[in-house]
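Report on the following structure.
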Amino acid sequence: MALRVYNTFTGEKELFVPLTPGRVGMYVCGVTVYDYCHIGHARAGVVFDIIFRYLKYAGFDVTYVRNYTDIDDKIINRANQEGTDYRTIADRYIQAFDEDMAKLGLAKPTVEPKATDHIGGIISIIETLIAKGHAYASDGDVYYAVETFPDYLKLSGRNLEDMQAGARVEVGDKKRHPMDFALWKGSKPGEPWWQSPWGEGRPGWHIECSAMSMEFLGKTFDIHGGGKDLVFPHHENEIAQSEGANGCQFVRYWLHNGFVNINAEKMSKSLGNFFTIREVLKKYDPETLRFFILSAHYRSPIDFSDQNLDEAQSGLERICSCLAALDEILNSHPRSYETAVSDNLTQIGLELQEKVNQFLPRFAEAMDDDFNAAQALGILFETVRAANRFLAETKAITAAPLILIANVRDLFVEAGSVLGLFTTPPALWLEGVKAARTSQLELTPDEIELLISERAAARIAKNFKRGDEIRDLLLAKGVHLLDSTQGTTWDVK
RNA sequence: GGCGCGUUAUCCAAGAGGCUAGGAGCCGGUCUGCAAAACCGUUAACGUCGGUUCGAAUCCGACACGCGCCUCCA
C-alpha cells in the first residue's frame with residue numbers, strides 16, 4: 001500500500017515520498033477574490049479537500065496552505081465599477097468564499113494567508129531576484145527576465161520561441177522581452193499601494209504565491225496544486241520566481257485538477273457559461289454537488305448538467321437510504337458485546353462479511369492510486385448492495401447480524417470522513433432533500449396528507465377508482481405515493 | 001502554427017496486458033387491489049486501421065473525431 005500521484009511535471013504517476021518522512025507540505029492556489037465562486041472553484045476546492053483528508057487519513061502530518069489573492073487588477077477594476085475601495089471588494093468575496101466552501105463541507109486548511117499580509121516577503125523575494133540578475137526595475141515596475149531562467153516553461157513543456165509564434169503576447173515597452181512578466185506594478189493615482197524600493201506600487205500576480213508558500217512551507221515543499229489552467233502562466237512563473245530566488249527545487253509534486261465543462265466545453269468567465277456555487281446550491285444539495293465531483297477522477301474533465309447532477313443525487317440517495325436502514329436497526333437494538341461467530345451467518349451474510357473485510361484495503365488501494373475517488377465510490381455501492389441483500393433476508397436481528405451491520409455502518413463513517421460525505425445522519429439528509437423538493441411543489445404537505453386520507457378511506461371501501469384518481473392527481477403534481485403495510489407515505493420527484 | 005489530453009455499452013463513469021468496477025436506464029422478479037417507490041437479479045463496451053504478444057480497452061504506430069493550454073481563469 002503506497003500512495004502514487006500523477007505529477008504534472010513528469011507527466012507520470014510517481015510514488016509519493018515526502019521531503020520529511022511522515023510530514024507533507026501542500027500549497028493550493030485559492031482564489032482571486034473579486035466575484036462569487038463558480039462550480040469550477042467548487043471542484044478545485046473539493047478535489048484538494050479530499051487530497052488533504054486522505055493524506056491525513058494515510059497518517060501524514062499535513063500542513064495545508066490555501067491562499068487568498070486579495071490584491072489584483074480585477075479586484076481594483078471591480079472596486080472602481082462599484083465606486084468603493086479594493087479592501088471592501090476583497091473582504092466581501094473572502095467571506096463569500098468561506099461561506100460557499102463551508103457549505104460544501106471543506107475542511108479548513110492549516111493556514112489561509114492573504115497576499116496583502118505578505119507584502120514584506122514579496123518585496124524581499126523581488127530584491128533577491130534583482131540582485132541575482134533575474135529581474136529588473138523599469139519605470140516603477142519590476143519585471144522577471146524570463147531569458148535568465150533556463151528552465152522556464154519546463155512545467156508546461158514548451159519553449160519561448162513557440163510561445164511567441166502564437167503572437168498574442170503583449171509587448172510592453174517597459175519589458176526587455178515580450179514574455180517577461182510583472183513582479184511589481186507601480187500604482188496609478190487612486191490605486192492601492194505599498195511602499196517599496198521601486199516606489200509606491202503593488203505586487204504582480206504570481207509573486208504572492210511564491211512568498212506565501214515559502215513563508216509557511218519553506219523553499220522546497222511536497223505538493224503544489226491548482227486547476228489545470230494555472231499550469232501556464234501562473235505555476236510556470238512561480239517556479240521561475242522561487243527557484244530563481246532560492247536556487248533550489250521549488251515543488252516536488254505538481255497536482256492539477258481538470259475543468260468543469262458545460263456541454264463538453266470549458267466553463268469560464270470569458271465564455272460566460274458559468275454557474276456560481278450559490279446558484280447551483282439553490283437547486284441541489286451541497287453533498288450532491290460534492291458527490292457529483294467525486295464521481296469522476298479529479299484530472300478528467302467533468303460535464304456539469306442537470307442530468308448528471310440528478311444521477312449523482314439518485315446515487316447518493318441510494319447509499320443514504322441504506323445507511324438510514326442500518327441506523328434504524330442499530331438504534332432499536334443495543335449493541336451487543338457478544339462475539340459474533342461467522343458460522344451464524346447465512347451465505348448472503350458471509351458475502352457481506354467478505355465485503356466488509358475487503359472494504360478498507362480496497363478503499364485505500366483506490367485512493368492510493370492518485371486519489372481515485374470514483375473507484376472508491378464503486379466500493380461503497382458494492383457494499384450497499386451486499387448490505388441491502390442482507391437486510392432483505394435477515395428477519396431476526398441476533399448478535400452476529402447486529403455486529404455485522406454495525407461494522408458496515410462504521411466503515412461508511414470512516415470512508416465518509418475521507419470523502420467528506422455522510423456528515424449529517426443519513427435519515428436527516430434524506431429528509432432535508434425531500435423538504436427541499438417539497439418546497440418546489442404547489443401543494444402543501446397538509447393538502448397532500450388530506451388527499452391521502454381521502455384515498456385511504458376510498459381504498460378501504462374498495463373504491464379503487466377514486467383511489468387511483470387521487471394518486472394520479474398527486475402524481476401529475478409531482479407527488480409519488482408510497483403504499484406500504486404501515487400506511488401511505490409520499491415523496492417528491 | 002506549437003504543446004498536451006481524451007474517445008469504454010442507451011447515458012454517466014472506473015480500469016491500463018489474462019481477474020464481475022460502479023451508478024442511472026432497459027428488461028425480469030419480490031411487494032401491491034393494480035401501480036409506484038424500494039429492494040433483488042439480469043443485460044451490454046472498449047473510435048478506425050495496422051503492429052507487438054500465446055493473449056490487447058490496456059503496449060506501439062497511423063488516421064478520424066472531440067477537447068484544453070499558448071490572453072484573465074479552478
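By convention in this document, chain letters (A, B, ...) are assigned in the order of the sequence lines, proteins followed by strands, and residues within each chain are numbered from 1.
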Exercise for the section: Check the distance between B/A74's C1' and A/Lys228's NZ and give it to me in whole angstrom. Expected result: 12 Å
Practice task
Report yes or no: is the cationic atom of A/Arg158 (NZ for Lys, CZ for Arg) under 6.0 Å from the centre of the six-membered ring of A/Phe232, at an angle within 45° of the ring normal?
Solution key: yes
Practice task
For A/Arg389, answer base if it contacts any base atom (sugar-phosphate contacts may also be present), sugar-phosphate if it contacts only those atoms, and nothing otherwise; contact means non-hydrogen atoms under 4.0 Å.
Solution key: sugar-phosphate
Exercise for the section: Using a heavy-atom cut-off of under 4.0 Å over every strand shown, decide if A/Gly30 touches base, sugar-phosphate, or nothing. Expected result: sugar-phosphate
Practice task
With sequence neighbours excluded, give me every salt bridge (charged side-chain N to carboxylate O under 4.0 Å, His left out) pair touching residues 304-316 of chain A.
Solution key: A/Lys283-A/Asp306
Problem - Short side-chain donor-acceptor distance under 3.5 Å, A/Glu191 and A/Tyr86 - result: no
Completion exercise
A/Met179 CE to B/C3 C1', in whole Å, measures 13 Å
Practice task
To the nearest Å, give me how far apart CG (A/Asn261) and P (B/A13) are.
Solution key: 10 Å
Handout entry: Between C1' of B/A74 and CZ of A/Phe48, the distance in whole Å
Key = 9 Å
Practice task
Please state how far atom NZ in A/Lys154 lies from atom C1' in B/G2, giving the value in whole angstrom units.
Solution key: 21 Å
Exercise for the section: For RNA chain B, produce a single dot-bracket line, 5' to 3'. Pairs: Watson-Crick or G-U wobble, both distances under 3.5 Å. Symbols: ( ) within strand, [ ] crossing, | other strand, . unpaired. Expected result: (((((((..(((.....[...)))..((((.......)))).....(((((..]....))))))))))))....
Exercise for the section: Just call it for A/Lys266: base, sugar-phosphate, or nothing, with non-hydrogen atoms closer than 4.0 Å on any strand. Expected result: base
Completion exercise
Here the distance between atom P of B/A38 and atom NZ of A/Lys434, to the nearest Å, is 13 Å
Problem - Close aromatic pair by centroid cut-off 6.0 Å: A/His206 and A/Phe181 - result: yes
Exercise for the section: Give A/Asn257 one of three labels, base, sugar-phosphate or nothing, depending on what nucleic acid heavy atoms sit under 4.0 Å from its own. Expected result: base
Handout entry: P gap between B/U53 and B/A44, integer Å
Key = 32 Å
Problem - Aromatic ring proximity A/Tyr34/A/Tyr93, centre distance under 6.0 Å - result: no
Handout entry: C1' atoms of B/C26 and B/U58, separation to the nearest Å
Key = 29 Å
Exercise for the section: Answer yes or no as to whether B/G33 has its base stacked against A/Phe464, where stacking requires a ring-centre separation under 5.5 angstrom and planes under 30 degrees apart. Expected result: yes
Handout entry: Test: A/Lys269 and A/Asp35 ion pair at under 4.0 Å
Key = yes
Fill in the blank from the handout: Between A/Gly11 and A/Ala392, whichever has its closest RNA chain B nucleotide further toward 5' is A/Gly11
Practice task
Have a look at A/Asp468 and say if it touches a base, only the backbone sugar-phosphate, or nothing, with a 4.0 Å heavy-atom cut-off.
Solution key: base
Practice task
Just call it for A/Thr489: base, sugar-phosphate, or nothing, with non-hydrogen atoms closer than 4.0 Å on any strand.
Solution key: nothing
Practice task
Using a heavy-atom cut-off of under 4.0 Å over every strand shown, decide if A/Ser300 touches base, sugar-phosphate, or nothing.
Solution key: sugar-phosphate
Problem - Span that lies between the P atom of B/G47 and that of B/A37, in whole angstrom - result: 34 Å
Fill in the blank from the handout: Regarding the side chain of A/Arg158, the nearest nucleotide among B/A74, B/C69, B/A35 is B/C69
Practice task
Would you classify A/Asn388 as touching base, sugar-phosphate or nothing, given that sugar-phosphate means primed atoms plus P, OP1 and OP2, and contacts are heavy atoms under 4.0 Å?
Solution key: sugar-phosphate
Practice task
Provide the full list of salt bridge (charged side-chain N to carboxylate O under 4.0 Å, His left out) pairs with a residue in residues 286-296 of chain A, sequence neighbours left out, each pair given once.
Solution key: A/Asp49-A/Arg290
Practice task
Establish whether the base of B/A35 is bridged to the side chain of A/Asp483 by a donor-acceptor pair shorter than 3.5 Å.
Solution key: yes
Exercise for the section: Just call it for A/Val231: base, sugar-phosphate, or nothing, with non-hydrogen atoms closer than 4.0 Å on any strand. Expected result: nothing
Exercise for the section: Step through it carefully: locate the ring centre of A/His235, locate the ring centre of A/Trp254, and say whether they are under 6.0 Å apart. Expected result: yes
Handout entry: Sugar-phosphate, base or nothing in reach of A/Leu481, heavy atoms under 4.0 Å
Key = base
Fill in the blank from the handout: 5'-most contact on RNA chain B (nearest-nucleotide basis), A/Gln307 vs A/Met267, goes to A/Gln307
Practice task
Figure out the CZ/P separation between A/Arg78 and B/C72, and round it to whole Å.
Solution key: 20 Å
Practice task
Kindly assign one of parallel, tilted or perpendicular to the pair A/Tyr54 and A/Tyr57, based on the angle between their ring planes and the thresholds 30° and 60°.
Solution key: tilted
Handout entry: With sequence neighbours excluded, residues passing ring-ring contact (aromatic ring centres under 6.0 Å, His included) with A/Phe216
Key = A/His118
Exercise for the section: Decide yes or no on salt bridge (Lys or Arg N to Asp or Glu O under 4.0 Å) for A/Asp368 and A/Arg4, but give the supporting numbers first. Expected result: CA-CA 6 Å; A/Asp368 270 344; A/Arg4 289 161 56 80; over 6 Å; no
Practice task
For B/U71 versus B/C63, give the span between their P atoms, rounded off to a whole number of Å.
Solution key: 27 Å
Exercise for the section: Determine the Euclidean distance between corresponding C1' atoms of B/U20 and B/G41; express it in Å to zero decimal places. Expected result: 14 Å
Donor-acceptor contacts under 3.5 Å from residues 369-381 of chain A side chains, at least two apart:
from, atom 1, to, atom 2, distance (Å)
A/Asp369, OD1, A/Lys13, NZ, 2.8
A/Asp370, OD1, A/Tyr6, N, 3.0
A/Asp370, OD1, A/Tyr298, OH, 2.8
A/Asp370, OD2, A/His297, NE2, 3.3
A/Asp370, OD2, A/Arg299, NE, 2.9
A/Asp370, OD2, A/Arg299, NH2, 2.9
A/Asn372, OD1, A/Gln375, N, 3.1

Handout entry: Rounded distance (Å) that lies between atom P of B/C69 and atom CD of A/Glu265
Key = 10 Å
Exercise for the section: Name the nucleic acid region contacted by A/Arg455, choosing base, sugar-phosphate or nothing; use a 4.0 angstrom heavy-atom cut-off, strictly under. Expected result: base
Practice task
Select base, sugar-phosphate, or nothing to describe what A/Gly40 touches, counting heavy atoms under 4.0 Å on all strands.
Solution key: base
Completion exercise
Base orientation of B/A24, chi within 90° of 0 counted as syn, else anti, reads anti
Exercise for the section: Mind checking A/Ser268 for me? I need base, sugar-phosphate or nothing, with any heavy atom below 4.0 Å counting as a touch. Expected result: base
Handout entry: Whole-angstrom distance between B/C39 and B/G51, as gauged at atom P
Key = 48 Å
Exercise for the section: With heavy atoms under 4.0 Å as the rule, sort A/His38 into base, sugar-phosphate or nothing. Expected result: base
Problem - nucleotides 16-28 of chain B: protein proximity per nucleotide (B base, S sugar-phosphate only, - neither; heavy atom, under 4.0 Å) - result: -----BSBS----
Practice task
Would you please say whether a donor-acceptor pair under 3.5 Å links the side chains of A/Asn237 and A/Gln241?
Solution key: no
Handout entry: Separation of the C1' atoms in B/C5 and B/U10, to the nearest angstrom
Key = 26 Å
Problem - Span that lies between the P atom of B/A57 and that of B/C31, in whole angstrom - result: 43 Å
